[in-house]
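Worksheet: the structure to be examined is printed underneath.
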Amino acid sequence: MTGWRGLIAEYAQWFDLRGVSDFVTLQEGNTPLLYAERLSERLSAEVWLKYEGLNPSGSFKDRGMTVAITKAKALGAQTVICGSTGNTSAAAAAYAARADMGCVVLVPDGKIALGKLAQAIVYGATVLQIRGNFDQALNLARELTQHLPMTIVNSINPDRIEGQKTGAFEIVDVLGRAPDILSIPVGNAGNITAYWRGFTEYHLAQRCASLPKMWGFQAEGAAPIVLGRPIENPETIATAIRIGNPASWISALEVVHESLGDIRAVSDDEILDAYRFLARYESVFCEPASAASVAGLLKYGVPDGATVVCVLTGNGLKDPDTALQMSSAPHVVDASLAALLGELG
Ligand code: F0G
């Protein structure tokens, strides 16, 4: 077979695949690394966008899910479960369907983007909207696995982190080196952990001579790592990262320490400015949480001439409500040439 075969097949040597015979894949990965011309000009740097919204279910979660569901299936699991702000649930539902497994997802009622909810439902998952937030959903998903035969596929499942490390591999494979800075939104802190693992594994294997500084960005109203304490009621327009007590908090701190990086906060307005800028000037429609990585660069700046990669974690189509709410509604006009000339002439 020629062409891209999905992450596990392409990077097989970087995984522990003992006991695995079939890969559950939707040919995820191999996403574009786009040079961002206008952003580079604005920041006097060389900025690239890793557009993860082009994965099969529209987010980076597919990288972790192909490995998590492949392994779960190899171990004979029949049902997977997750708590989610939306993207994990969409990916879990998609890969479980592919593997002919059951899937249960717990999402915060009313706080998940419409497209993500639609995905989980149409892929056939059992979707339960809990009257609570993500942190509660994740805790309940964990507890349920003590009572029911279900495998958890949140990023506390180590196979998820393993799969997601391939984002870093792809960046180095395309750039021919590691960037000086990797900028990434932080919610539950699984992805920043995974990218760092990817870069360090490649570095140890001498695939890249240097390592990036890891810059994570949280939304101001949901910035427990920045504030140094859990947030009971996190709030942000970027619902994907509306998380008050990240599961991988400690490893995120280790990543910051080891990479000489930082985790800082950006406001919802800064996130939306970056979101608009990316669509308008770079033609990349990402979801608000993803734009936090660019908002952070615009807010704090970068060293002149630095090579920077921003991870744009999810597709803008997932959250049509936010897109429409922050734009003016299109004019409705009569279906006549005169009416159109009146509008445009
Ligand atoms: N960006 C998007 C679009 C996300 O969906 C998430 C997390 C993140 C960034 C943050 O990644 O949690 O690894 O730090 N979404 C999870 C979910 C929580 O349930 O879909 P993280």
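Throughout, residue positions are numbered sequentially from 1 according to the sequence presented. FYI, side chains are in, hydrogens and waters are out, and symmetry mates aren't considered; it's all heavy atoms of this structure. Atoms within a ligand are numbered from 1 in the order they appear, just like the ligands themselves.
Which parts of ligand 1 touch Ser84 is read off a 4.0 Å heavy-atom cut-off, strictly below it: atoms 17 (C), 19 (O), 20 (O). Applying the 4.0 Å criterion to heavy atoms of Thr88 picks out, from ligand 1, the atoms 16 (C), 17 (C), 19 (O), 20 (O). Counting the atoms of ligand 1 from 1 in the order shown, those under 4.0 Å from a heavy atom of Val186 are 14 (O). Within ligand 1, counting atoms from 1 as listed, the ones closer than 4.0 Å to a heavy atom of Gly190 are 13 (O), 14 (O), 21 (P). Within the listing of ligand 1, atoms 3 (C) sit less than 4.0 angstrom from a heavy atom of Glu287.
Closest to atom 13 (O) of ligand 1, if we only count protein heavy atoms, is Asn191 N, 2.8 Å. When hydrogens are left out, the protein atom nearest atom 15 (N) of ligand 1 is Lys61 NZ, 2.9 Å; that is the closest non-hydrogen contact. Here the heavy atom of the protein found nearest to atom 5 (O) of ligand 1 is Asn87 ND2, 2.8 Å. Atom 12 (O) of ligand 1 has Asn188 N, 2.7 Å as its closest protein atom, hydrogens excluded (heavy atom only). Counting only heavy atoms of the protein, atom 18 (C) of ligand 1 lies nearest to Thr85 OG1, 3.5 Å. Protein heavy atom at the shortest distance from atom 9 (C) of ligand 1 is Thr313 OG1, 3.6 Å. Nearest protein neighbour of atom 11 (O) of ligand 1, counting heavy atoms only, is Phe60 CZ, 3.5 Å.
A donor-acceptor distance shorter than 3.5 angstrom exists from the side chain of Asp268 to the backbone of Ile237, with no hydrogens or angles considered.
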Validation: residues 58-66 side-chain donor-acceptor distances under 3.5 Å, sequence neighbours left out:
residue: Ser59; atom: OG; partner: Lys61; partner atom: N; Å: 3.1
residue: Lys61; atom: NZ; partner: Thr88; partner atom: OG1; Å: 3.4
residue: Asp62; atom: OD1; partner: Ser57; partner atom: OG; Å: 2.6
residue: Asp62; atom: OD2; partner: Ser57; partner atom: N; Å: 2.6
residue: Asp62; atom: OD2; partner: Ser57; partner atom: OG; Å: 3.3
residue: Arg63; atom: NE; partner: Glu52; partner atom: OE1; Å: 2.5
residue: Arg63; atom: NH1; partner: Thr166; partner atom: OG1; Å: 3.1
residue: Arg63; atom: NH1; partner: Glu170; partner atom: OE2; Å: 2.9
residue: Arg63; atom: NH2; partner: Thr31; partner atom: OG1; Å: 3.3
residue: Arg63; atom: NH2; partner: Glu52; partner atom: OE1; Å: 3.4
residue: Arg63; atom: NH2; partner: Glu52; partner atom: OE2; Å: 2.8
residue: Arg63; atom: NH2; partner: Glu170; partner atom: OE1; Å: 2.9
residue: Thr66; atom: OG1; partner: Val24; partner atom: O; Å: 2.6

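In Lys116, neither the side chain nor the backbone holds a heavy atom less than 4.0 Å from any atom of ligand 1. Residue contacts with ligand 1 for Ile241 involve side-chain atoms from C-beta outward but no N, CA, C or O (heavy atoms, distance under 4.0 Å).
Between Glu201 and Arg197 there is a side-chain heavy-atom pair separated by less than 4.5 Å. When side chains are defined from C-beta on, Arg264 does not count as touching Glu220, because their heavy atoms never get closer than 4.5 Å.
Using a non-hydrogen distance threshold of 4.0 Å, Ala189 registers as a contact of ligand 1. Heavy atoms of Ile243 approach ligand 1 to within less than 4.0 angstrom.
Counted by atom type alone, Asn87 and Glu287 present one or more donor-acceptor pairs between their side chains at under 3.5 Å. The closest side-chain donor-acceptor pair between Tyr95 and Glu28 falls under 3.5 angstrom.
Salt-bridge check for Lys318 with Asp321: failed, with every basic side-chain N at 4.0 Å or more from each acidic carboxylate O. Note on Arg242 versus Glu235: salt bridge recorded, some NZ/NE/NH1/NH2 to OD/OE distance being below 4.0 Å.
Going from atom OG of Ser293 over to atom CG of Leu49 covers 8.0 Å, rounded to the nearest 0.5 Å.
Shown here are the ring-ring contact (aromatic ring centres under 6.0 Å, His included) partners of Phe169, two or more places apart in sequence or in another chain: Tyr11, Trp14, Tyr202.
The environment of His147 atom NE2 is dense: over 12 non-hydrogen atoms of other residues, nucleotides or ligands sit within 6.0 angstrom.
Considering backbone and side-chain atoms together, Phe134 places no N or O closer than 3.5 Å to any N or O of ligand 1.
When the options Ala292, Ala113, Ala240, Ser248 are ranked by their closest heavy atom to atom 4 (C) of ligand 1, first place goes to Ala240.
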